[in-house]
Asker: 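The structure under discussion is supplied below as structure tokens; questions concerning it will follow.
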Amino acid sequence: MILVSGRISAFITLLILCGFILWYIMEARKGRVPKLRRLPALEAIDEAVGRATEMGRPVHVSCGSGGSIRDEWASQVLAGLSVLSYVAELCAEYDTSLIATTPVADNFPIMSEIVREAYRRKNKEESFKPDMVVYVPGYNAASIGIMVERNIAANIMVGPFWHESVILAEVGASLGAIQIGGTATTHQLPFIVASCDYVLIGEEMFAAGAYLSRDPVQIGSIAGMDWGKVLAILLTLFGLLMEAAGFSIIKYLNM
Amino acid sequence: MSIFQRLGRLDPRVFFTLLIFAVAIPIISPLGLPVPITQPVLDAYNYIENLPEGSVVLYSMSVAGGGWDDVGGGVIATMQHLFSRPVKIIIFSYFADSVPWVEYTLNNIDKHGKKYGEDYVWLGYLAGGEAMLAGLASSIRSITTTDAYGTPLDNLPMMKDIDNIHDIDLIVHAEISTIFEAYLRQFQAPYGKPIILICPSMMVTMYFPYYPNQAIGIIGGVRGSAEYELLIHRPGMASVSTDTLSTTHILIIVMIIMGNIGYYFERKIRRGE
Amino acid sequence: MAWYKSREFCQIVTLIVAIIILITYFFDIPGGGEVASHLQAFGTIVSAFALMVGVLNLFQIHLPNLMRKGRYWYTSFIVCASIILWASIAICLGSEHPISRTLYMTVNYPLSGTAYSFTAFYITSAAYRAFRARNIDSFILLTIGTLVILYNTPIANAVFPTFGDIGDWIFAVPNKAGFRGVVIGIALGSVAVGLRTLLGMERGYLRGGG
Amino acid sequence: MPTEELILNLITIYLILGLYSFVFKDNIHYRLVLGVYVGSIAGWSLALQYEYIVRTMSSALSKGQVYYILALILGLMLFFKFSKRHLWVYRIPIAYLVGLGVALSIRAIVSTQFLQQIQATILPIWTPDPWTNINNLIFIIMVISSLWFFTFHFEHKGVSEKIARIGRYTLIAAFGAGFGNTVMFRMSLITGRFRFLLSPNNRIYTVIIALILIVSVAVYEQYIKKK
């Protein structure tokens with residue numbers, strides 16, 4: 001059993017990154033919980049659901065407008081699902097009506113399971129309705145129809161988004177909803193940033209699940225990611241120095 | 001409320017209407033505004049123009065309905081260019097939706113006497129996502145043993161000696177979604193094969209970091225397509241659309257200015273209170 | 001509770017599948033690639049069934065609405081009817097049949113193109129709302145955004161060629177640098193979410209909260 | 001234009017205009033067309049997926065890969081979503097999909113989105129051309145600072161805060177560029193639709209249908225109000 005050439009450095013790096021994360025998780029288990037910077041977008045979720053409750057209008061959650069749980073977008077979908085789980089719990093607690101939409105059939109059953117689970121945790125399983133989670137083909141035109149029809153008060157969109165992001169966000173704005181957006185599909189980030197009230201930019205959304213759980217062990221995993229960034233910065237600087245000394249490290253990165 | 005203040009609080013429907021006019025007018029009477037040529041498009045053109053005789057090109061036609069208007073011009077233009085060169089072309093689709101568009105493209109180009117089966121092959125829609133691409137690189141026959149029409153690949157003269165990525169000299173990939181990175185992972189990173197990318201204009205910013213090391217040329221959206229149409233001297237659907245780009249973009253600039261004037265006066269009055 | 005009904009069992013399924021895919025990618029195991037591609041093909045088949053579940057959900061929502069003549073009952077009726085019509089035509093005749101093709105070209109293609117281009121409308125209103133010089137952040141957004149819009153305007157480019165140079169610089173330097181930072185961060189975030197999911201710690205997936 | 005083509009074109013024009021009407025007002029035509037849109041996509045993809053299952057299964061079985069039956073069973077297990085008692089069954093295929101997705105999303109990302117990106121950032125800053133050097137230097141600083149901006153655990157104070165701020169501005173500049181560039185894509189899509197609507201053959205019908213839509217919406221809303 002040998003490593004495939006061209007993937008050796010990637011494998012080693014993956015192990016190092018996992019090592020960072022696991023190290024911090026273990027530290028957190030020992031009670032040394034790292035401090036995190038505030039993420040206003042996540043703190044705004046409570047505010048958004050609270051306002052929707054006061055107004056008696058529903059909360060809309062979207063876990064992406066494409067990208068399935070079974071392909072390379074999975075990590076973004078999972079990040080969206082963790083936000084959905086949190087919002088569903090809040091909605092169950094305050095008896096706020098919730099509507100979660102997805103155009104991706106693969107994600108639909110798991111979203112529905114997550115919402116049901118959140119209601120069960122708050123002992124409100126009887127309030128869970130199958131129409132809380134809706135499969136919406138033709139998302140770009142149909143989701144806004146649902147948003148207008150239900151007159152939503154909060155629009156939370158975290159997940160892999162394509163061109164639909166700006167449509168959803170603008171219609172949400174025209175309804176006067178509080179909007180929280182987050183995505184790691186880079187070409188949609190500009191719209192989320194421009195038209196939402198609160199944003200999770202790229203990597204921040206991956207921290208969402210851990211951040212919202214307030215579970216020290218998961219928070220540890222976020223601190224682990226930071227060392228990955230330090231590794232990237234150091235590698236760049238080291239590469240530059242070596243390059244100046246006439247020695248190229250590039251081929252080792254491609255090993 | 002003053003007129004200036006009102007500029008900052010316009011009903012969106014006002015500019016929806018203006019937008020319709022900005023799009024419609026150049027379509028009804030074309031203005032014929034000029035288009036300068038950019039480097040990524042020129043690189044793609046030069047690479048295809050200098051392909052040695054007998055090269056094999058794998059053409060991934062993964063464009064579907066929604067984005068056809070943006071990248072269709074580039075697809076037709078590159079396909080036309082390839083057909084005018086002495087190369088062999090293998091076409092496949094990553095998405096089922098792209099199938100009608102492949103046929104549409106092949107019907108709308110001058111084939112320069114190229115014969116099906118000898119000079120080009122259409123494999124049809126190949127399911128399986130990224131795993132399919134990986135399979136295609138190791139052996140085309142592990143993914144499909146027939147072409148789109150059900151003819152076994154071994155009965156097609158040009159496919160006799162072609163089976164894996166090492167037999168292929170260039171990959172042209174046209175897409176409207178974001179699957180290009182999968183192509184990099186499966187074709188470019190492990191085997192170092194050159195890829196030319198045809199993508200919607202909005203994806204250009206996202207994919208620009210990959211140019212020129214990983215993607216040797218990028219044809220982005222209507223504008224890149226119009227440039228390519230100019231390069232091969234066949235103005236087509238993209239060239240028609242470039243006029244509306246000018247008018248709509250100017251409309252947006254005007255609106256941004258109006259929004260800012262409105263905002264400026266609004267703030268001035270609020271400060272005065 | 002029987003062991004196969006437990007969440008831990010699901011967790012183990014996830015872990016095993018993921019490990020097989022990862023190991024066969026990084027290690028050169030004879031036949032490994034084949035196993036991985038079969039596993040992925042299984043995934044595509046399962047997701048084909050997921051689509052059917054999704055369509056059943058559409059019926060689950062629209063049929064009751066139609067029965068009780070709720071709001072927009074006519075939409076519900078058309079949804080159900082067109083699903084049945086399209087599916088039966090395309091299944092019975094095959095999606096390549098001329099009638100299915102005509103149906104696709106008359107309805108599906110223009111509608112999806114139209115729905116895609118909805119963005120054109122909303123992008124104008126987004127530009128109008130967001131591009132205002134409120135503070136330094138939005139000033140940068142406004143300036144760079146406007147310059148790039150001008151760069152993309154064929155006529156502005158032809159009249160003032162400098163826009164081309166400025167635009168090229170924006171794409172080559174700040175745009176590329178910013179997105180590179182984002183992309184590297186996303187890679188790290190994905191690894192973290194993936195690891196948490198495999199360890200059964202990610203909140204979203206089949207796990208209790210907190 | 002032959003009659004069939006005319007009828008098909010009229011249908012298409014109605015569908016396009018009906019869908020567009022939403023941007024001005026939520027109305028009955030939008031709701032009607034929406035039904036067709038949702039239903040046709042769902043029905044069409046249902047058929048494609050059905051074809052896909054049949055094709056994959058028959059090709060697998062013909063190759064003697066009997067274990068593909070497992071995939072079929074796994075797929076069918078999803079239907080237990082509609083059962084209250086045996087809900088656990090449908091978690092298994094989901095677990096399978098998640099495992100697949102997680103592995104696929106992390107396995108190549110380290111190479112393409114981490115190592116290769118770092119590699120592309122190691123740019124020469126001592127070339128004979130001073131302009132390239134300056135650009136490369138600015139570029140490297142911007143990449144590093146935008147990475148720093150994303151750190152969650154390290155405190156942003158003093159120099160660290162300044163670096164993070166450069167990172168923030170870089171990101172915003174990148175988003176501005178991204179926004180500006182997307183405008184073009186969207187405009188080219190709307191142009192495609194309008195080229196169809198306003199093509200010499202269709203122009204007149206487009207105007208007529210648009211007028212009919214406006215009048216009918218107005219009349220219908222009056223009728224609803226009276227009721």
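Sequence lines set the chain letters: A, B, ... in the order given, protein chains first and strands last, and positions in each chain run from 1.
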Asker: Taking D:Ile118, D:Ile41, D:Leu100, D:Asn181 one by one, which has the highest count of heavy-atom pairs under 4.5 Å against chain A?
Answerer: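 The candidate making the most pairs under 4.5 Å is D:Ile118.
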Asker: With only heavy atoms counted, which part of D:Ile109 is less than 4.5 Å from chain A, the side chain, the backbone, both or neither?
Answerer: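 No part of it gets close to chain A.
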Asker: When heavy-atom pairs shorter than 4.5 Å are enumerated against chain A, which of D:Thr121, D:Leu104, D:Ile122 gives the highest number?
Answerer: D:Ile122
Asker: Please look at D:Leu147 and chain A and tell me whether the side chain, the backbone, both or neither of the residue comes under 4.5 angstrom of a heavy atom of that chain.
Answerer: both
Asker: Measuring only between side-chain heavy atoms, which start at C-beta, is A:Ile192 closer than 4.5 Å to D:Phe175?
Answerer: no
Asker: Heavy-atom distances under 4.5 Å only: say whether D:Leu87 touches chain A with side chain, backbone, both or neither.
Answerer: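 The side chain, not the backbone.
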Asker: For the residue pair D:Val110 and A:Phe11, establish whether any side-chain heavy-atom pair is separated by less than 4.5 Å.
Answerer: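 No, side chains not in contact.
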Asker: Are D:His153 and A:Tyr24 side-chain neighbours, meaning at least one heavy-atom pair lies under 4.5 Å?
Answerer: yes
Asker: I'd like to know which of D:Phe149, D:Trp148, D:Trp126 tops the heavy-atom pair count under 4.5 Å against chain A.
Answerer: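 Highest number of pairs under 4.5 Å: D:Trp126.
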Asker: At a 4.5 Å cut-off on heavy atoms, which part of D:Phe150 comes close to chain A: side chain, backbone, both, or neither?
Answerer: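 For D:Phe150, heavy atoms of backbone and side chain both lie under 4.5 Å from chain A.
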Asker: Is D:Leu115 close to chain A through its backbone or its side chain, or both, or neither, when contacts mean heavy atoms under 4.5 Å?
Answerer: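 Contact with chain A involves both backbone and side-chain atoms of D:Leu115.
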Asker: Any side-chain to backbone donor/acceptor pair from D:Tyr30 onto A:Ala141? Under 3.5 Å, distance only.
Answerer: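 At least one qualifying donor-acceptor pair exists.
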Asker: In terms of heavy-atom proximity below 4.5 Å to chain A, should D:Gln116 be classed as side chain, backbone, both, or neither?
Answerer: side chain
Asker: Going through the distances and angles, do D:Phe179 and A:Val193 end up as a side-chain contact (heavy atoms from CB on, under 4.5 Å)?
Answerer: CA-CA 10 Å; D:Phe179 192 115; A:Val193 172; over 6 Å; no
Asker: Answer with side chain, backbone, both or neither: which region of D:Tyr90 has an atom nearer than 4.5 Å to a non-hydrogen atom of chain A?
Answerer: side chain
Asker: Under 4.5 Å from any heavy atom of chain A, what part of D:Arg107 do you find: side chain, backbone, both or neither?
Answerer: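 Neither; nothing under 4.5 Å.
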Asker: Hey, is the main chain of D:Val98 close enough, under 3.5 Å, to the side chain of A:Arg70 for a donor-acceptor pair?
Answerer: no
Asker: Would you indicate whether the side-chain heavy atoms of D:Val143 and A:Thr236 approach each other to under 4.5 Å?
Answerer: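 A:Thr236 does not reach D:Val143 side chain to side chain.
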